[in-house]
Amino acid sequence: MAHGGARAQEFGHDAVIVCDNLLRVYQTDTVEVQALQGLDLLVHDREMVAIVGASGSGKSTLLQVLAGVDAATAGRARVAGHDLLGMTRRERVHYRRHVVGFVRQQSSRNLVPYLTAAQVVDLPQSFAGVPRRERRQRTEELFETLGVQHCTDLKPHQMSGGEQQRVAICVALANRPQVLLTDEPTGELDSASAQEVFAALRTANREWGTTVVIVTHDAGVSGQVARTVAIRDGRTSSEVLRSDGAEGVPGIAEEFAVMDRAGRVQVPREFREALALTHRVRLALTEDSIEIRSDRGGER
Ligand code: ADP
C-alpha cells in the first residue's frame, strides 16, 4: 500500500489495542472529573492482559471506551484497526457486534432472566444473520470448550455465579470477536469459581487466539496472566510481566515503571517518601542508569 511507510511510524502500528493520550472528562453541573488523563496503552494480538487499579482510577471508563459503549473526550483509541473516536453509529453497531466482546461487571447484566444459556448465546449470532445450524454448532463449541455444556437448558437463576460468568463469556465470544473485554469478571465470586472463570478466559485466549483484557481491582490477578498493567489517576503507571513457569511452577514476576511518550515516569510514593522528594529533583545520567536525587543539599 502506498501509505504503508508512513503508517509504520505510527505509535502502536502493530498493536491490536492502541490508546494514545486518551482523555475522558465527565462534566456535571458543578464539577469536572478527569477519569482518563492522557492514558497510553498498547496491547498486542493474542495477549492476555490484566488492568488493575484502585476504585476510581479509571478502569471501567477505559473499558467502556474500548467496548464502544462510551466515547473518549480526546486522544486516540484504535482497536483492531477501528478508530473509536471517529466511528459513525452504523460502524459502532458493527464494531460492538463483531470486533469486540464485552463482559460487564454484574453477571445479571450479561444474561437475560427468562432465556436459557443456549438461547442467550444464540441471540448475538441471530442478530448477525448467522444461519441456524451454524449458530447451534458455534454455541455447542463454546459450551464444550468453556465447560458449561450442563448449563445449555438452564436459566440464570439455576446456575452458580461462576457458571453465569462463563456463559456470559460465551455470549461475548459468540461472533468470534478479535478482542474480549471483561470488567471485574470474578468480582462477585468465591476463589474456586474465580479460578474457573480465569481458566475459561485463558482457554479462549489459547484456543481461538482472542486478545483478552481483564479489568479488576484485585492486584492478585497478576498471578493469572503474563502481563498486568496498573492504572493510577487515569494513567498507566506500572506493569508486571510474568515469565511462563514450568508445569505447576509459577513464573518469575518483574515489576516495571511505565514511561510515557513524553518521557514521564511516576516515582512510587514509598520511594518519594523515603527521600522526602517533593516537586523538584536532581537527575543524573550515569553509564547505565539514571539517578533521581533530592534537590536539597549541595545547593549553591
Ligand atoms: P474504576 O473503574 O477504576 O473504579 P471509573 O472509571 O469507574 O473507575 O471512574 C473514574 C472516575 O470517573 C471516578 O472519579 C468516577 O467517580 C468518575 N466517573 C465515572 N463515571 C462517571 C460518570 N458517569 N459521571 C461522572 N463521573 C464519573
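When a ligand or atom number is given, it counts from 1 through the structure's own listing order.
- Residue Ser60 has at least one nitrogen or oxygen atom sitting less than 3.5 Å from a nitrogen or oxygen atom of ligand 1, judged on distance alone.
- Nearest to atom 10 (C) of ligand 1 among the protein's heavy atoms is Gly56 O, 3.4 Å.
- Considering backbone and side-chain atoms alike, Ala35 places every N or O at 3.5 Å or more from each N or O of ligand 1.
- Using modelled atom types and a 3.5 Å distance limit, the side chains of Arg138 and Gln125 yield no donor-acceptor pair.
- Side-chain atoms of Tyr26 and Thr61 form a donor-acceptor pair, as typed in the model, at a separation below 3.5 Å.
- For Thr61, heavy-atom contacts with ligand 1 shorter than 4.0 Å involve the backbone as well as the side chain.
- Less than 4.0 angstrom separates some heavy atom of Ser55 from each of these atoms of ligand 1: 4 (O).
- Arg136 CZ: 12 or fewer foreign heavy atoms inside a 6.0 Å radius.
- Atom numbering of ligand 1 starts at 1 in the shown order; those under 4.0 Å from a heavy atom of Ala54 are 3 (O).
- Remark: ligand 1 and Val33 share no N or O pair separated by less than 3.5 Å (distance only, no angle test).
- Numbered from 1 in the order shown, with element, the atoms of ligand 1 that lie under 4.0 Å from a heavy atom of Ser57 read 1 (P), 3 (O), 8 (O).
- Ile17 and Trp208 are members of different hydrophobic clusters when ILVMFWY side chains are connected at heavy-atom separations under 4.5 Å.
- Shown here for Leu41 and Leu62, the closest heavy-atom pair between the two residues is CD2-CD2, 4.2 Å.
- Taking the charged nitrogens against the carboxylate oxygens, Asp122 and Arg135 do have a contact shorter than 4.0 Å, which makes a salt bridge.
- Per-residue contacts place Lys59 under 4.0 angstrom from the following atoms of ligand 1 (heavy atoms of the residue considered): 1 (P), 2 (O), 3 (O), 4 (O), 6 (O), 8 (O).
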